[in-house]
Amino acid sequence: MKNQYVIGVDYGTDSVRSVLIDTTNGKEISQSVFYYPRWKAGKYCVPAKNQFRQHPLDYLEGLESTIKDCLAKAPEVNPELVKGITVDTTGSTPVAVDKTGTPLALTAGFEENPNAMFVLWKDHTSVNEAAEINQVSRTWGGVDYTQFEGGIYSSEWFWAKILHITREDESIANAAYSWLEHCDWIPSVLVGSDDVSSVKRSRCAAGHKAMWHESWGGLPSEEYLGKFDSRLAALRSRLFEDTYTADVAMGNLCEAWAEKLGLSTETIISVGTFDAHAGAVGVEIESATLVKVMGTSTCDMMVAPFDEIGDKLVRGICGQVDGSIIPGMLGLEAGQSAFGDLLAWFKNLTMWSVQNADIAPEIKQQIEDSIIVSLSKAAAAIPISEKNVVALDWVNGRRTPDANQALKGAIMGLGMGSDAPAIFRAMVEAICFGSKAIVDRFKNEGVDIKQIVGMGGVAKKSDFVMQTLADVLDMPVKIATSEQAPALGAAMYAAVAAGIYPDVNTAVAAMGNGFDKTYFPIAENVALYAKLYEKYVALGAFVEGSYEL
Ligand SMILES: Nc1ncnc2c1ncn2[C@@H]1O[C@H](COP(=O)(O)OP(=O)(O)O)[C@@H](O)[C@H]1O
Ligand SMILES: O=C(CO)[C@@H](O)[C@@H](O)COP(=O)(O)O
């Protein structure tokens, strides 16, 4: 029988990556990366206000570019044998849409309005709305709709973003028929949907970010939503009732996109999902394994059989959702709002004088491209010591344990000798200490962790960060082989949706790419980091104790 192929499309924060995969063995035939041009130019964002928006054209251009590039790199593959496509994206990254499901930024009069664009997961302009949602959820007297999302609603999530934009911009409030997650919009484009109410919504997105749960019949009630804004209550009936896992077909590739991409309308498009959850599948997640998806942020993923977790509510994480990772199992998510982003923040700090100097742009780019690697090398050479600088990883708030996006970062122990490598080392230790706080929360909540698997851009790029992580956690960290694990996981979902495999576990067994490196803890480092971790905890308590939301 001829080999059959699928495409996984992984939308990250800075770029979209597509991979063409042979379903018989999970071999990557080709891959392509597209950096969002408007995002790279910093358009529509105001970091000082924690405003991060992305234009839908960045996504559409990246979709066409990466899929066509993957196919062009594999002329030997007959497009008719590309049987499925699954899309994973960041989340919660919603956008206001009209009745056809078109983002308002693609409609007349809204082309340059950031409120009409995708409100990126890391956008924290809705901090106050999230606080209001938490306060009402605890006091209104009805169901606590946050209970399956760790008990604390985040400004990174669906309802807080919608409420903020609705209050902030009347033109959007009046023009928005509904709202779509990024992971729901792209598949709807590929199937040619022109009716937002017909879009099959992602279980992963709805369960982890929109307080959707079957026990209360789907989304929170109109009565509850009305506590915040009558327009939110009115929106509920224009959103969705049912949700679907990513192994389910949304429809076939439409004529227009089949022609644009050079594929067949026989190609199945599955329901979308989030990048971290697809990544967990891509690295063959199983019970008692914590998968750390380490990119600009981190997502910490676990799966558990229902009879193991039962009705236990795991406090202070990003939710526990039926089928959000592997259909038939509970998906649990935690994470850090800034992981690689903390290192990028420090890189940008050191780059300021270069960016503002009279230096040729290409030289500036060369310097920028080298900074993290050169700082990593110098920082790794600094001995671990209790006297070292200590920092927090909360530069973009704290996602888990116990979401609090109003928090900010901090650094202590600076002396006249504290140079850039010393502070960069503190940044690396901070993101690893933040990871330890999450591992400890899972364990304290009774969720056993037997092994750690690492994946994502940072896992593949930095021995220094990975060794520090193994030392801080005092556990081996096994690194997945695939450079594009979320896209590979998406491809696995696509193989099931296209009917090539009966279920996700079978697809994983056939298509998994395995692991290529393990970092083992070094005993003397473990002991030293344990002391430094105590300082991290103390600094965190001081900062949290001095912050008003
Ligand atoms: N050599 C490096 N060491 C540590 N972190 C790095 C290195 N190079 C890039 N990074 C970080 O990797 C992150 C991007 O990872 P990636 O997985 O591509 O991102 P995304 O979150 O968009 O999927 C950025 O935050 C960047 O700061
Ligand atoms: O939060 C989620 C998924 O739940 C991620 O999409 C978000 O952290 C962004 O992840 P990346 O850092 O872009 O990989």
Side-chain angles (χ1 to χ4, degrees), residues 10-17 33-36 39-40 52 54 62 88-94 118 120-123 149-150 154-158 181-183 202 204-210 272-280 291-301 317-319 321 324-325 331-348 351 368-377 379-380 393 395-397 399-400 403 424-425 427-428 431-432 454-469 480 482-487:
D10 168 38
Y11 281 90
T13 300
D14 300 328
S15 63
V16 54
R17 294 76 66 148
V33 182
F34 175 92
Y35 283 86
Y36 312 130
W39 170 256
K40 190 169 173 63
F52 297 98
Q54 293 188 331
D88 74 71
T89 74
T90 69
S92 171
T93 301
F118 285 86
L120 190 64
W121 65 273
K122 66 190 284 188
D123 181 298
E149 294 189 359
S154 167
S155 58
E156 294 186 353
W157 298 349
F158 190 73
E181 281 281 359
H182 181 190
C183 71
S202 160
C204 179
H208 281 289
K209 317 290 182 184
T273 192
F274 280 163
D275 51 358
H277 304 70
V291 171
K292 290 190 68 61
V293 188
M294 292 174 274
T296 53
S297 65
T298 59
C299 291
D300 295 289
M301 316 307 294
I317 64 169
C318 297
V321 179
S324 66
I325 300 174
L332 298 106
E333 176 189 357
Q336 293 160 266
S337 292
F339 193 79
D341 253 358
L342 182 63
L343 308 184
W345 167 79
F346 189 71
K347 175 196 73 173
N348 295 336
M351 269 298 291
E368 180 169 13
D369 292 346
S370 69
I371 282 188
I372 288 184
V373 171
S374 55
L375 277 170
S376 298
K377 194 173 172 192
D393 55 313
V395 71
N396 198 13
R399 173 182 285 177
T400 58
F424 185 80
R425 170 177 265 280
M427 298 294 127
V428 169
I431 58 180
C432 294
M455 56 159 284
V458 181
K460 302 299 281 184
K461 293 169 183 169
S462 181
D463 289 328
F464 175 42
V465 175
M466 291 304 104
Q467 185 57 54
T468 303
L469 183 66
S482 175
E483 296 275 344
Q484 300 297 351

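All residue numbers in this chain count up from 1 along the given sequence. Atoms within each ligand, like the ligands themselves, are counted from 1 in listed order. This structure is a prediction, so every number in the text was calculated from the model and none was measured.
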- Just which atoms of ligand 2 are under 4.0 Å from any heavy atom in R399? 1 (O), 7 (C), 8 (O)
- Message: Could you report the tightest heavy-atom contact between S297 and S337, atom names first, then the distance?
- Response: CB-O, 3.5 Å
- Task: Decide whether an N or O pair under 3.5 Å exists between K209 and ligand 2.
- Result: yes
- Show which atoms of ligand 1 fall inside a sub-4.0 Å distance from at least one heavy-atom site of D14. 22 (O)
- Short side-chain to backbone donor-acceptor contact, Y36 and S15, under 3.5 Å: yes
- Return the residue, atom name and 0.1 Å-rounded distance of the protein heavy atom closest to atom 9 (C) of ligand 1. K461 CD, 3.6 Å
- Message: For D10 and Q484, which I'm curious about, is there any donor-acceptor pair between the side chains at under 3.5 Å?
- Response: no
- Message: Quick one: does any side-chain atom of S462 pair with a main-chain N or O of V458 as donor and acceptor, under 3.5 Å?
- Response: no
- Item | Best match, A276, C318, G91, A334: closest heavy atom to atom 2 (C) of ligand 2 | G91
- Query: Is K460 reaching over with its side chain to a backbone N or O of A480, donor-acceptor style, under 3.5 angstrom?
  - Reply: yes
- Using distance alone, determine whether G340 and ligand 1 share an N or O pair under 3.5 Å. yes
- Message: Under a 4.0 Å threshold between the charged nitrogen and the carboxylate oxygen, would E156 count as salt-bridged to K122?
- Response: no
- Item | Closest protein heavy atom to atom 17 (O) of ligand 1, given as residue, atom name and distance to 0.1 Å | G457 N, 2.9 Å
- Item | Aromatic centroids of F274 and H208 separated by under 6.0 Å | no
- Message: Could you tell me, atom by atom, which parts of ligand 2 come under 4.0 Å of a heavy atom of T90?
- Response: 6 (O), 13 (O)
- Task: Can you figure out which of A338, C299, S297 has its heavy atom closest to atom 10 (O) of ligand 2?
- Result: S297
- Of the side chain and backbone of R17, name the one, both, or neither that has a heavy atom under 4.0 Å from an atom of ligand 1. side chain
- Which atoms from ligand 1 have a heavy atom of S462 less than 4.0 Å away? 3 (N), 4 (C)
- Item | Protein residue, atom and distance nearest to atom 12 (O) of ligand 1, heavy-atom basis | V458 CG2, 3.6 Å
- Are any side-chain N or O atoms of Q54 and backbone N or O atoms of T13, one a donor and one an acceptor, separated by less than 3.5 Å? yes
- Message: Given E333, which partner from the list S324, C299, C204 fulfils the side chain to side chain contact (heavy atoms under 4.5 Å, CB included) test?
- Response: C299
- Does K209 make a cation-pi contact with F158, if we ask for NZ or CZ under 6.0 Å from the ring centre and within 45° of the axis? no
- Per-atom contacts, ligand 2 versus T296 - under 4.0 Å to a heavy atom: 11 (P), 12 (O), 13 (O)
- So how far is it from K347 NZ to I372 CD1, rounded to the nearest 0.5 Å? 5.5 Å
- Parallel, tilted or perpendicular: which fits the ring planes of H182 and Y11, with parallel below 30° and perpendicular above 60°? perpendicular
- Message: One residue to check: M294. Relative to ligand 2, which of side chain, backbone, both or neither has a non-hydrogen atom less than 4.0 Å away?
- Response: neither
- Message: When you measure from the side chain of T298 to the backbone of F339, do you find a donor-acceptor pair of N or O atoms at a distance under 3.5 Å?
- Response: no
- Test item, E333 contacting ligand 2 (heavy atom, 4.0 angstrom): yes
- Item | Separation between CZ of R17 and CZ of F34, rounded to the nearest 0.5 Å | 13.0 Å
- Query: Do any heavy atoms of D275 fall under 4.0 Å from ligand 2?
  - Reply: yes
- Among all protein non-hydrogen atoms, which one is nearest to atom 2 (C) of ligand 1, and what is the separation to 0.1 Å? I372 CG2, 3.4 Å
- Quick look: T13 vs ligand 1, heavy-atom contacts under 4.0 Å, and the answer is both
- Query: How far is atom 19 (O) of ligand 1 from its nearest protein heavy atom, and which residue and atom name does that atom have?
  - Reply: T296 N, 3.7 Å
- Note on the structure: Note: ligand 1 atoms sitting under 4.0 Å from heavy atoms of D341 are 25 (O)
- Got the closest protein heavy atom to atom 13 (O) of ligand 2, with its distance? T13 OG1, 2.5 Å
- Item | Element-labelled atoms of ligand 1 that are located less than 4.0 Å from some non-hydrogen atom of G12 | 22 (O)
- Do D393 side-chain atoms and I431 backbone N/O form a donor-acceptor pair below 3.5 Å? no
- Contact with ligand 2 for E156, non-hydrogen, under 4.0 angstrom: no
- Item | For ligand 2, the portion of H277 having any non-hydrogen atom under 4.0 Å away | side chain
- Query: ligand 1 versus L343, non-hydrogen atoms closer than 4.0 Å: side chain, backbone, both, neither?
  - Reply: side chain
- Item | ligand 2 N/O within reach of T298 N/O, cut-off under 3.5 Å | no
